[in-house]
There are 2 protein chains.
Amino acid sequence: MLSTMSTPARATEDRADPTSDTAHRLLEAAAEAFADRGFHATTTRDIASRAGLSPAGVYVHFSSKEELLYQLSREGHEAARDMLVAASAGAGSPTEALRAIMGTFSRWHAEHFRVARIVQYEFGNLTPEHRDAVLGLRKQIDAVVRDVVTAGVATGEFSVDDVPDTTLALMSMAVDVARWYDPEIKRTPAAIGEAYADLGIRLVTAR
Amino acid sequence: MLSTMSTPARATEDRADPTSDTAHRLLEAAAEAFADRGFHATTTRDIASRAGLSPAGVYVHFSSKEELLYQLSREGHEAARDMLVAASAGAGSPTEALRAIMGTFSRWHAEHFRVARIVQYEFGNLTPEHRDAVLGLRKQIDAVVRDVVTAGVATGEFSVDDVPDTTLALMSMAVDVARWYDPEIKRTPAAIGEAYADLGIRLVTAR
DNA sequence: GTCTATATCATGATAGAC
DNA sequence: GTCTATCATGATATAGAC
């Protein structure tokens, strides 16, 4: 988010870089590598070469391999949370909100399946401090969904046996998209989102 | 399954070992380590010491660390498949079958969450040959569930938008149990199984 | 079948020139 | 800020005694 602005603005370059340049390339390289092979199977040499740097070049921008993981995990969690908050806030009813949440969340897990895998499966490779920070974001994400389910039960739109358990099952469906999604398949992220919005409604509706 | 019988039967020992002895201890040690820390983060030294062996002792029983992973992954997939086949075969209707399948499958992912994590998340660390072998088992597992959903649609008990997509979502809920389950939590595997049997029925039932 | 000892190599990270 | 060179460590796997 905050650009370091260590280089002067380039009038001749019309493509703006979202974060300061090579650091951003390194994050993208690390995201690909971590998602494809896992944190521990990824070497700093691999990350460096994918970003076009020497092995030592990484450490100018990040103090460790775990620091790269943390940045990706934190940004990924924040993006997911912000999307869910927006989806929930823009809805006129719990039913609409749940459809928006499930559609958005599952679509995100398909479109950004690399970051999503890091978010979901590499949590345990963070340092204890970083784990704590991310845990706070996870609680926020859970709360957004749980509040919608609670609201729907209150209005009578939903009927569930247990709110926290149902919330977890809803998130499980969306989260698991990142495990099986493959960009080669025919289903588009948008279609997945629509299907999971329907499935989410079914889960909170007794026949 | 097949005991090597390299040691004579011990009349004084009343506890029978399912597989030949230390090999079994090594598999259990590897299962714990792989599930807790992941395949690549686990060292052969770690596995050996958990099994009470020296680092070299592993290689008498398994030719490589990946061989341990393959044994665990294959046995885990086979166990899951056999359970689903039995659950499906013992049911009198698609509704009963789906309840049995979802209850069994999600309960298994809780009770055996260590093996389940290896099954679900370490697939990519198998050699290409072993991946192919396991892929065959995965297709069998998918077919069991898909057939039940198809049968339920045929009898009119179920109403789904798309059979393969719904099958996948059903499995996602159960599979994801292995990700969040923690033996410390209050919910028992049996309670999880019951809850997910209900949720599975909701997914195939339109209001 | 298990051990001690070790070969061989890759890893994360650093030093210091440019 | 990037490089080349390298350190220190720890990895998988093997050799050979017992």
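Treat the numbers as computed from the prediction; the structure is a model and nothing was measured. Atoms considered below: every heavy atom in the structure, side chains included; atoms not considered: hydrogens, waters and symmetry mates. Labels below follow one simple rule: chain letters A, B, ... track the order of the sequence lines, proteins then strands, and each chain is numbered from 1.
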For [X] and [N], give me the distance from atom [atom1] to atom [atom2], rounded to whole Å.
{"X": "A/Glu66", "N": "C/dA13", "atom1": "CD", "atom2": "C1'", "result": "15 Å"}
{"X": "A/Arg25", "N": "D/dT2", "atom1": "CZ", "atom2": "C1'", "result": "11 Å"}
{"X": "B/Tyr59", "N": "D/dG16", "atom1": "OH", "atom2": "C1'", "result": "17 Å"}
{"X": "B/Leu26", "N": "C/dG1", "atom1": "CG", "atom2": "P", "result": "12 Å"}
{"X": "A/Lys65", "N": "C/dG12", "atom1": "NZ", "atom2": "P", "result": "4 Å"}

Residues that B/Glu194 engages under side chain to side chain donor-acceptor pair (under 3.5 Å), provided they are two or more places apart: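 In terms of side chain to side chain donor-acceptor pair (under 3.5 Å), with neighbours along the sequence ignored, B/Glu194 is linked to no residue.
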
Residue list, side chain to side chain donor-acceptor pair (under 3.5 Å) with A/Glu28, at least two apart or on another chain: none

Strictly by ring-ring contact (aromatic ring centres under 6.0 Å, His included), give each pair with a member in residues 40-59 of chain A just once, sequence neighbours left out.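 Counting only pairs at least two positions apart or across chains, no ring-ring contact (aromatic ring centres under 6.0 Å, His included) contact touches residues 40-59 of chain A.
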
Give every residue pair that meets the ring-ring contact (aromatic ring centres under 6.0 Å, His included) criterion with at least one member in residues 80-103 of chain B, sequence neighbours excluded.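 Qualifying pairs, neighbours excluded: none.
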
Identify, with sequence neighbours excluded, every residue that meets ring pair (Phe, Tyr, Trp, His ring centres under 6.0 Å) alongside [X].
{"X": "B/Tyr70", "answer": "B/His130"}
{"X": "A/Phe158", "answer": "none"}
{"X": "B/Tyr181", "answer": "B/Phe113"}

Output the single nucleotide from C/dT14, C/dT2, D/dA13 whose closest atom is nearest the side chain of B/His61.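 Given the options C/dT14, C/dT2, D/dA13, the side chain of B/His61 is closest to C/dT2.
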
Would you list the protein and nucleotides 3-6 of chain D atom pairs, both N or O, that sit under 3.5 Å from each other?
{"from": "D/dC3", "atom 1": "OP2", "to": "A/Ser54", "atom 2": "N", "distance (Å)": "2.6"}
{"from": "D/dC3", "atom 1": "OP2", "to": "A/Ser54", "atom 2": "OG", "distance (Å)": "3.0"}

Contact check, side chains of B/Phe62 and B/Leu27, non-hydrogen atoms, under 4.5 Å: yes

Find out whether A/His112 and A/His109 are in side-chain contact, i.e. whether some heavy atom of one side chain is under 4.5 Å from a heavy atom of the other. no

Double-helix bend of the helix from C/dG1-D/dC18 to C/dC18-D/dG1, axes at both ends from 5 pairs, round to 10°, gives 0°

Any residue of residues 34-44 of chain B with a heavy atom less than 4.0 Å from an atom of DNA chain D: B/Thr42, B/Thr43, B/Thr44

Taking only residues two or more places apart in sequence or in another chain, which ones pass side-chain contact (heavy atoms from CB on, under 4.5 Å) with A/Thr43?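 So A/Thr43 forms a side-chain contact (heavy atoms from CB on, under 4.5 Å) with A/Arg45, A/Asp46.
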
Which salt bridge (Lys or Arg N to Asp or Glu O under 4.0 Å) pairs, counting each pair once, include a residue from residues 132-145 of chain B, with sequence neighbours left out? B/Asp142-B/Arg146

